[in-house]
Number of protein chains: 2
Amino acid sequence: MTIQLKDSFLAPRQTQNIQVTIPSALKRCEETGRLEAFKLNWTPDSDKFMPHIFWDSDVAKVMEGMAYVANQPGGEEIRKRLDELVRLVVSAQQPDGYLNTHFTVTEQDKRWTNLYNWHELYCAGHLTEAAVAHYEATGDRLFLDAMCRYVDYIWSVFGEGGREGYPGHEEIELALCKLYKVTGNPMHLKLAKLFIDRRGTTPNYFVEQEHVDPSGLPNRQAHIPVREQTEAVGHAVRAVYLYSGMADIAALTGDKTLLDACKRLFDSITQHRMAITGGIGSSQIGEAFANDEDLPNDRTYNESCASIGLVLFASRMLAATGEEKYADAIERCIFNGALSGISLAGDTYFYVNRLETNASTYVYGHGAQTRQPWYSCSCCPTNYCRFLPQLGNFCYRATADMLAIDIPVAAAIDTDNYAVDITSGYPYEGCFNVTFRKGGKFTLAVRIPSWCEGIMKLPEGGEIVNGYWRATREWKAGERLAFSIEMIVRRVVCRAPADSGKVALVRGPLVYCVELPADADFAPYELTVPAVASFSLVPVDGLQKGTLGIRFNAIRRIPSKQLYSNAAPMTELRTVTAIPYALWQNRGSVQMNVFLNDGR
Amino acid sequence: MTIQLKDSFLAPRQTQNIQVTIPSALKRCEETGRLEAFKLNWTPDSDKFMPHIFWDSDVAKVMEGMAYVANQPGGEEIRKRLDELVRLVVSAQQPDGYLNTHFTVTEQDKRWTNLYNWHELYCAGHLTEAAVAHYEATGDRLFLDAMCRYVDYIWSVFGEGGREGYPGHEEIELALCKLYKVTGNPMHLKLAKLFIDRRGTTPNYFVEQEHVDPSGLPNRQAHIPVREQTEAVGHAVRAVYLYSGMADIAALTGDKTLLDACKRLFDSITQHRMAITGGIGSSQIGEAFANDEDLPNDRTYNESCASIGLVLFASRMLAATGEEKYADAIERCIFNGALSGISLAGDTYFYVNRLETNASTYVYGHGAQTRQPWYSCSCCPTNYCRFLPQLGNFCYRATADMLAIDIPVAAAIDTDNYAVDITSGYPYEGCFNVTFRKGGKFTLAVRIPSWCEGIMKLPEGGEIVNGYWRATREWKAGERLAFSIEMIVRRVVCRAPADSGKVALVRGPLVYCVELPADADFAPYELTVPAVASFSLVPVDGLQKGTLGIRFNAIRRIPSKQLYSNAAPMTELRTVTAIPYALWQNRGSVQMNVFLNDGR
């Protein structure tokens with residue numbers, strides 16, 4: 001089964017990933033010592049960088065991405081390099097199965113002593129995901145077998161009858177489920193389930209064994225058992241990785257209570273704690289979820305990895321339920337807050353994805369104002385290496401008996417059973433055709449996006465289930481179905497206090513923003529969208545081919561000369577062009593706003 | 001010379017301070033071990049609390065406040081208790097003059113080893129201020145002499161030819177200037193000047209001696225020499241304490257370069273980095289100044305001590321220059337962001353003074369949503385003990401040859417040379433009379449607040465200098481002068497991005513806010529002040545006697561049911577009453593906004 005994207009929005013990112021993103025991430029891994037670290041030649045006296053506790057995960061994520069593209073056109077070199085890396089990584093494995101560059105060469109006696117803050121199980125999870133991807137891409141079991149040995153060892157420490165610990169940075173849960181699907185080894189699933197079941201139970205492992213202050217437990221989603229959790233709390237990346245693992249185990253074991261918890265947590269995120277762009281974790285303190293509707297614009301965090309993680313979680317929920325709202329979240333992230341984290345050139349990244357920047361914007365932690373080529377904590381850059389190749393799987397779910405079109409970007413889909421071409425101008429146009437290149441009997445399911453509020457032209461003969469148009473029959477080769485979603489500029493309001501009196505322009509799945517050069521004579525936050533605004537679509541140069549902007553006449557409130565002024569603000573008209581948020585800051589340093597004052 | 005306030009806004013706070021604030025702070029100091037600490041009986045095995053590195057400062061600030069009220073009606077008990085405390089504190093002094101409860105009983109070898117983070121010189125400063133106040137109130141030299149011995153010892157460590165260090169938390173600079181004014185000992189002034197002159201010079205003491213990362217220097221105002229500093233940066237309380245010390249030294253030595261630096265730093269604060277309430281330090285990270293115009297409403301910090309500190313700085317600048325803008329800042333703080341930190345009952349406190357709270361407000365650090373009776377870091381509660389008794393001195397400057405009326409609250413002022421009564425309904429009314437109870441020849445200077453934009457009725461025969469009406473002549477007993485400042489409800493706009501499209505209601509010196517019960521059926525942030533609004537003044541019950549609210553018809557934008565919605569917001573009319581910000585949250589837990597959407 002292959003899904004080949006052919007659209008103008010996502011497909012170029014995938015090409016760029018092979019040509020630029022993966023090679024540049026590899027280069028950075030090399031320059032910073034992350035690769036060298038697997039040679040285990042660091043000593044306190046050496047002039048090498050000390051392997052950091054999460055370095056292994058960075059390499060693993062790049063390798064996972066390499067595996068996904070190894071068999072694609074242009075992937076030959078990557079495949080070769082990947083095989084070398086596999087040998088390098090496996091060479092670092094210890095006789096007992098342990099594989100961690102930090103704790104093997106630095107403090108060997110500290111293994112597993114700080115699950116709360118250190119990242120051993122997290123790194124093991126990413127290595128496992130990479131190993132599964134490598135095996136699936138190549139059929140070579142070397143890496144996979146090594147990771148099975150590592151998991152055997154982890155089981156000997158944390159398995160049944162072992163230490164009651166679980167990760168402070170979740171990730172291995174979903175990785176073990178992936179591993180189980182390949183190996184069929186029940187222990188792999190059992191270990192994942194143990195990590196899930198133990199989390200947050202009393203007596204609390206982190207408090208009892210690692211003397212963590214109980215106030216720190218919510219940041220690790222370890223304050224109460226996961227099945228009792230109703231609100232998405234704490235470190236956002238950890239949270240959605242955990243929830244993804246929970247959804248995996250629910251699917252693999254039929255655990256309805258666990259699935260219900262996933263549903264509640266998903267709703268907590270998307271109904272109360274998610275930016276309009278799909279960014280999550282609005283608190284800069286702890287990279288964490290804040291309160292319901294606490295969604296600041298300039299001071300928000302919205303880590304790139306968190307939005308990617310939300311896609312991972314939502315895609316599992318979509319698979320489990322078939323409900324449109326999960327595809328809605330996937331689409332929101334992909335077309336906005338996830339892709340905003342990487343430049344169109346494919347080699348610089350945001351760690352923090354603000355919804356507003358201006359000359360006053362406060363920079364904290366990893367919140368650089370411009371995309372950076374790398375970060376000391378480089379989880380986001382390396383996440384793109386593996387996220388971009390999977391975009392097709394987030395747009396289409398193709399099995400032998402069903403093709404679900406979740407996001408109708410142009411694509412060619414080939415399975416043993418059928419082959420389908422989608423011709424489409426999505427996300428800029430709402431019309432698309434589904435042409436059966438090779439016929440067959442299966443269910444076709446086409447999403448009716450909630451944002452179009454039902455205004456979508458559908459072929460005859462289907463039924464509406466869970467927000468999808470569905471029809472099961474024998475499709476003939478050459479047959480063509482036409483769909484059309486209404487695409488208007490929507491003035492979207494948000495009930496969060498930070499957006500009171502504000503409005504965002506949205507068209508189709510794309511959230512728009514106004515960006516102006518950093519040295520422009522005014523800033524986007526000064527703008528009001530008039531009560532009666534006329535929007536026109538215009539091509540935008542300097543971004544992706546085919547990019548459409550929204551041009552409109554805005555009212556500018558001219559800021560007072562004094563910080564505080566008794567005088568009513570003067571206004572003037574300005575014509576501005578909003579661009580897709582995912583493409584912002586690809587034309588130099590800018591000021592940007594998603595939400596503008598609402599003149600209504 | 002005495003200044004007795006008789007108004008309805010400030011005077012009741014002073015009475016409350018004697019009856020409630022000081023006694024309750026003393027009780028807390030006792031309960032938490034802060035008093036016991038001076039017995040130096042803590043040992044690693046004792047069941048007592050370990051004296052914290054800044055505990056001494058808390059006790060000192062309460063003592064300073066006690067000294068200010070010791071001779072006032074109702075102050076007899078406090079005077080007695082103060083004398084006991086003086087003996088207790090002095091008993092902790094070491095043979096070499098050192099006086100610090102933490103480092104005397106805990107890590108004696110750590111004295112002066114971490115000026116950057118620990119608070120030894122800060123504590124010494126507050127003890128010095130308390131000693132000066134005690135001496136001035138009582139004539140008793142016991143405490144003063146002890147502190148002179150302590151300063152002798154500090155000089156032996158940090159004086160000329162000694163270690164080149166200076167405080168990580170500034171305060172002792174201004175304290176030494178106070179001490180010098182009482183003792184006339186040139187060393188006291190010289191030491192203060194050394195601490196000022198060394199700060200931020202190269203090689204940097206903190207970096208060289210204490211291995212502080214250079215990125216941490218701005219938080220301590222130690223990144224460049226103080227005379228070169230142009231922007232108010234770093235920890236806001238530290239900053240304004242430093243600037244106050246700089247202004248003192250400039251005044252005492254005639255150092256114009258230093259005064260110029262103070263002027264620049266004051267303008268940096270008030271023109272770019274100050275909330276409309278006089279709150280400063282808008283960054284929750286580091287309790288610090290952020291960028292120019294970076295003034296969030298719900299996520300701002302605005303520590304109570306910082307606003308108090310700005311009053312201290314501005315009052316020195318006012319004394320040095322006579323310029324109205326400094327009185328403007330004093331007034332802004334006192335009537336808004338400084339007094340908001342203490343409840344009307346006088347026994348609970350805000351550490352963080354937000355300009356907006358609602359159900360979503362994120363709580364961080366000391367940012368409790370409701371006023372607390374005490375904090376683990378209780379600098380703010382104890383600061384009120386000494387701040388409130390000085391309010392008269394911030395409203396009136398009375399010397400033998402000049403009476404400056406900076407803030408015309410009702411008061412009786414008595415000097416050897418003259419006696420004056422001010423009858424006034426300020427801050428709620430703009431008319432006030434100045435009656436000479438005892439005549440004399442002197443200059444009368446009356447401030448023309450910048451916010452009235454010159455609309456003020458003045459008596460004949462004066463001249464306008466630096467924003468003050470001035471007249472120098474022989475004033476006759478019984479003579480009366482009438483003044484009247486226009487008091488209208490002003491719609492004040494702010495050029496900060498966070499306030500784009502927003503407006504605050506201000507009347508006279510009072511910034512107003514809308515507060516609604518936490519469980520109200522709507523929140524203040526949903527409100528818009530209509531383009532044409534009619535404001536009426538109404539008495540408000542349950543706050544201070546005489547409190548006037550501003551009633552107006554607001555437009556409420558009803559939040560969408562969904563987090564994001566395509567539908568235009570529904571609106572409805574609501575009548576609301578804004579109250580003075582300084583008095584907010586004295587009627588239970590509430591939601592509050594200073595800035596509302598501007599319907600113009």
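No part of A:T528 comes within reach of chain B, as not one of its non-hydrogen atoms sits under 4.5 angstrom from that chain. A:Q271 touches chain B through its backbone: at least one of N, CA, C or O sits under 4.5 Å from a heavy atom, while the side chain does not. Residue A:D292 touches chain B through its backbone alone, counting heavy-atom pairs closer than 4.5 Å. The part of A:T270 that comes within reach of chain B is its backbone (N, CA, C, O), which places non-hydrogen atoms under 4.5 angstrom from that chain. Neither the backbone nor the side chain of A:A523 has a heavy atom closer than 4.5 Å to any heavy atom of chain B. Neither the backbone nor the side chain of B:R556 comes within less than 4.5 Å of any heavy atom in chain A. With a 4.5 Å cut-off on non-hydrogen atoms, A:R491 touches chain B through its backbone but not through its side chain. With a threshold of 4.5 angstrom between heavy atoms, A:L295 approaches chain B through side-chain atoms but not through N, CA, C or O. When heavy atoms are compared at a cutoff of 4.5 Å, B:E293 approaches chain A by way of both its backbone and its side chain.
Residue B:Q562 places its CD atom among 12 or fewer non-hydrogen atoms of other residues, nucleotides or ligands, all under 6.0 Å distant. Annotation: B:E323, atom CD; neighbour count of heavy atoms from other residues, nucleotides and ligands within 6.0 Å is above 12.
Highest contact tally toward chain B, considering only A:A498, A:A290, A:G501, is held by A:G501 [criterion: heavy-atom pairs under 4.5 Å]. Here A:C494 is the residue among A:P569, A:P559, A:C494 with the most heavy-atom pairs under 4.5 Å with chain B. Per-residue heavy-atom pair counts under 4.5 Å with chain B were compared for A:S282, A:S283, A:A496, A:A567, and the maximum is reached by A:S283. Of the listed residues (A:V363, A:N297, A:V492), the one with the most heavy-atom contacts under 4.5 Å to chain B is A:V492. Most heavy-atom pairs under 4.5 Å with chain A, from the set B:D499, B:V493, B:I558: that is B:V493. Comparing A:S560, A:A359, A:G286, A:G599 by how many heavy-atom pairs each has under 4.5 Å with chain B, the most go to A:S560.
Across all non-hydrogen atoms, the minimal contact from B:Y564 to A:A275 is OH-C, 2.9 Å. Shown here for B:L563 and A:M274, the closest heavy-atom pair between the two residues is CD2-O, 3.5 Å. In this structure, B:Y362 and A:I285 approach most closely via the heavy-atom pair OH-O, 3.6 Å.
Taken from OG in B:S565 to CD in A:E453, the straight-line distance is 7.0 Å, to the nearest 0.5 Å. For the atom pair OG (B:S500) and CG (A:N593), the distance works out to 7.5 Å, reported to the nearest 0.5 Å. In this structure, CZ on B:R299 lies 7.0 Å from CD on A:Q284, to the nearest 0.5 angstrom.
In this structure the side chain of A:P497 never reaches within 4.5 angstrom of the side chain of B:D298, judged on heavy atoms. Under the 4.5 Å side-chain criterion, counting only non-hydrogen atoms from C-beta, A:R557 is in contact with B:D598.
Considering only residues two or more places apart in sequence or on other chains, A:E231 meets the salt bridge (Lys or Arg N to Asp or Glu O under 4.0 Å) condition with A:R273. For B:K263, there are no salt bridge (Lys or Arg N to Asp or Glu O under 4.0 Å) partners at least two apart in sequence or on another chain. Under the rule for a salt bridge (Lys or Arg N to Asp or Glu O under 4.0 Å), the partners of B:D521 that lie at least two apart in sequence or sit in another chain are B:R574.
Contact annotation for residues 502-518 of chain B against chain A (heavy-atom separation below 4.5 Å, listed by residue number): B:K502.
Residues A:T361 and B:D294 bring no donor and acceptor atom of their side chains to less than 3.5 Å of each other.
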